[in-house]
2 protein chains.
Amino acid sequence: MSQTDLDEPKPRLGRKRDHTRDPEILDAALEILAETGYDGMTIDMVATRAKAGKATLYRRWSSKAELVLDAVACLKAGEIDLDALPDTGTLRGDLVAMIKTPSMRDAERKLKIMAGIVSMIARSPEMATAAYAALVEPRASVNRVLFARAIERDEIPADSDVERLCTIGPAMAAYRVLMLGRPVDREFLEDTIDGVILPAAGVRPGAE
Amino acid sequence: MSQTDLDEPKPRLGRKRDHTRDPEILDAALEILAETGYDGMTIDMVATRAKAGKATLYRRWSSKAELVLDAVACLKAGEIDLDALPDTGTLRGDLVAMIKTPSMRDAERKLKIMAGIVSMIARSPEMATAAYAALVEPRASVNRVLFARAIERDEIPADSDVERLCTIGPAMAAYRVLMLGRPVDREFLEDTIDGVILPAAGVRPGAE
DNA sequence: CATATACGGAACTATTCAGTTCCGGATATG
DNA sequence: CATATCCGGAACTGAATAGTTCCGTATATG
């Protein structure tokens, strides 16, 4: 979705290309979204932050809603290669390795973006779909791989409810940021792994 | 906060009382909040829903923000008596008994109200405080009592991180409703108790 | 029955902001 | 150097809505 559309056989004369500013604009939109939420955000704010004109935004997106939808959808772009995940040999090792990953690093930002659009999700199915695909599903699929490996390794029971296990981490992190207003730091994440996720997975406390 | 202020020594002549309509209005505000979120909600909507005039609302609250703040704060009113919680003799029994409680019944409504104000929480410390006091803390304190009993009973280790255990249930429920858009039904709650909370608390699976 | 009081409802004002239009300037192409 | 194309910016329009004012009515009190 979005980005410099590479159709148009011959852009003959003129300036550089089409819509070169898209990334900056979408990024500005995400920043404002995280800071003030969907309703608090104005098109002027986004334009100013991206050092663009409001007209430029409307040349590319037909409405505020579409801009935000596109911005959220583009978060999915930097998706993780599921085949290149850390493989340490233990479930705990894999989970701990994940929290040092850059995609985890900006977890807090993503959660704030989520906070900015939750109220919209109930009203707009498109937004619900986009948010799910960009913010919820990628995280779950990473975890799915990790737990699947642990099952192959006989580290956890083969009949584990992987879907449930996958949601524990995201749920605890989201609650921490959105409801408690506390940071998702390394200590919290490790405590959650050792104190909640691994016990729920059936890994014995001492069994490293 | 709010409700019929009972000062004024002698309301001599006139109608019945002061601000009799407060409860209906606050309730209407909460309904609209849950349905459309803070920004989607208009004062006219609330007035209409409560069959009141807009002027009546502004006679009592000086702004939309104060009305919502008061409405959220009043949720705390129907707080639970911590000494009258179900006491079944086991942690699992207590937790399961809690999900049949009326205060748990409207958990989903409360979560939707929360969704309606999350984006505000970041912008307004007052709202953050009110939401915490009305929606987060009451639930946590119920759980605290249950886990404290389990420790007294030697059912779970005395050095358990009760604060962490208290947040698991609310976190899983919030994620379920707000992010996944799925219902918090009895099955989900029981699965969460058996599959996440009890293992995290260190209760052995079979040990009923 | 008389009256002070609060309420419901409608009409009004002011502001904010989504979306539009227009123009001067930058820039790559030929 | 000429020109087609896109961009930034500012000015504008229109709709929605927060907040205000006013009035007719219902009602409890005396």
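Sequence lines set the chain letters: A, B, ... in the order given, protein chains first and strands last, and positions in each chain run from 1. What you see is a predicted model; the values in this text were computed from it and never measured.
Comparing C:dC23, D:dT20, D:dT21 by their nearest atom to the side chain of B:Ala55 picks out D:dT21. Counting only heavy atoms from C-beta on, A:Lys54 has its side chain closest to D:dA11 among C:dC7, C:dA11, D:dA11. Comparing D:dA18, C:dC22, C:dG8 by their nearest atom to the side chain of A:Arg59 picks out C:dC22. Picking from D:dT20, D:dC7, C:dG9 the nucleotide with the shortest atom distance to the side chain of A:Thr56 gives D:dC7.
In this structure, CG of B:Leu67 is placed 13 Å from C1' of D:dG19, rounded to the nearest angstrom. Between the P atom of C:dA10 and the NZ atom of B:Lys51 lies a distance of 14 Å, rounded to the nearest Å. The distance from atom CD of A:Glu66 to atom C1' of C:dA18 is 14 Å, rounded to the nearest whole Å. Taking atom OH on A:Tyr58 and atom P on D:dG9, their separation rounds to 17 Å, with Å as the unit. In this structure, B:Leu57 atom CG and D:dT17 atom P are separated by 16 Å, rounded to whole Å. Across the protein-nucleic acid pair, B:Lys64 atom NZ and C:dT15 atom P stand 18 Å apart, rounded to whole Å.
The backbone N or O of B:Thr90 sits less than 3.5 Å from a side-chain atom of B:Thr88, completing a donor-acceptor pair.
Residues satisfying the side chain to side chain donor-acceptor pair (under 3.5 Å) criterion with B:Asp106, sequence neighbours excluded, are absent altogether. B:Asp44 pairs by the side chain to side chain donor-acceptor pair (under 3.5 Å) definition with nothing, not counting sequence neighbours. For A:Asp191, there are no salt bridge (charged side-chain N to carboxylate O under 4.0 Å, His left out) partners two or more places apart in sequence or in a different chain.
Screening residues 125-134 of chain A for salt bridge (Lys or Arg N to Asp or Glu O under 4.0 Å) gives no qualifying pairs among residues at least two apart or on separate chains. Here side-chain hydrogen bond (donor to acceptor under 3.5 Å, both in side chains) pairs that include residues 142-151 of chain A, with residues two or more places apart or in two chains, are A:Asp94-A:Arg149, A:Glu137-A:Arg144, A:Arg144-A:Glu163. Legend: salt bridge (Lys or Arg N to Asp or Glu O under 4.0 Å) pairs involving residues 168-188 of chain B, not counting sequence neighbours, sorted by first then second residue: B:Arg186-B:Glu190.
Annotation: proximity of residues 122-129 of chain B to DNA chain D (heavy atom, distance under 4.0 Å) is found for no residue. Non-hydrogen atoms lying under 4.0 Å from DNA chain D are contributed by B:Met41, B:Thr42, B:Ile43, all within residues 31-47 of chain B.
B:Ser62 comes within 4.0 angstrom of no nucleic acid atom, judged by non-hydrogen atoms across all strands.
Crowding of B:Lys64 atom NZ: a count of heavy atoms from other residues, nucleotides or ligands under 6.0 Å exceeding 12.
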Which side-chain N or O atoms in residues 29-42 of chain A pair as donor and acceptor under 3.5 Å with protein atoms at least two apart or in another chain?
residue	atom	partner	partner atom	Å
A:Glu31	OE1	A:Arg49	NH1	2.7
A:Glu35	OE1	A:Arg49	NH2	3.0
A:Glu35	OE2	A:Arg49	NH1	3.1
A:Thr36	OG1	A:Ile32	O	3.1
A:Thr36	OG1	A:Met41	N	3.4
A:Thr42	OG1	A:Met45	N	3.1

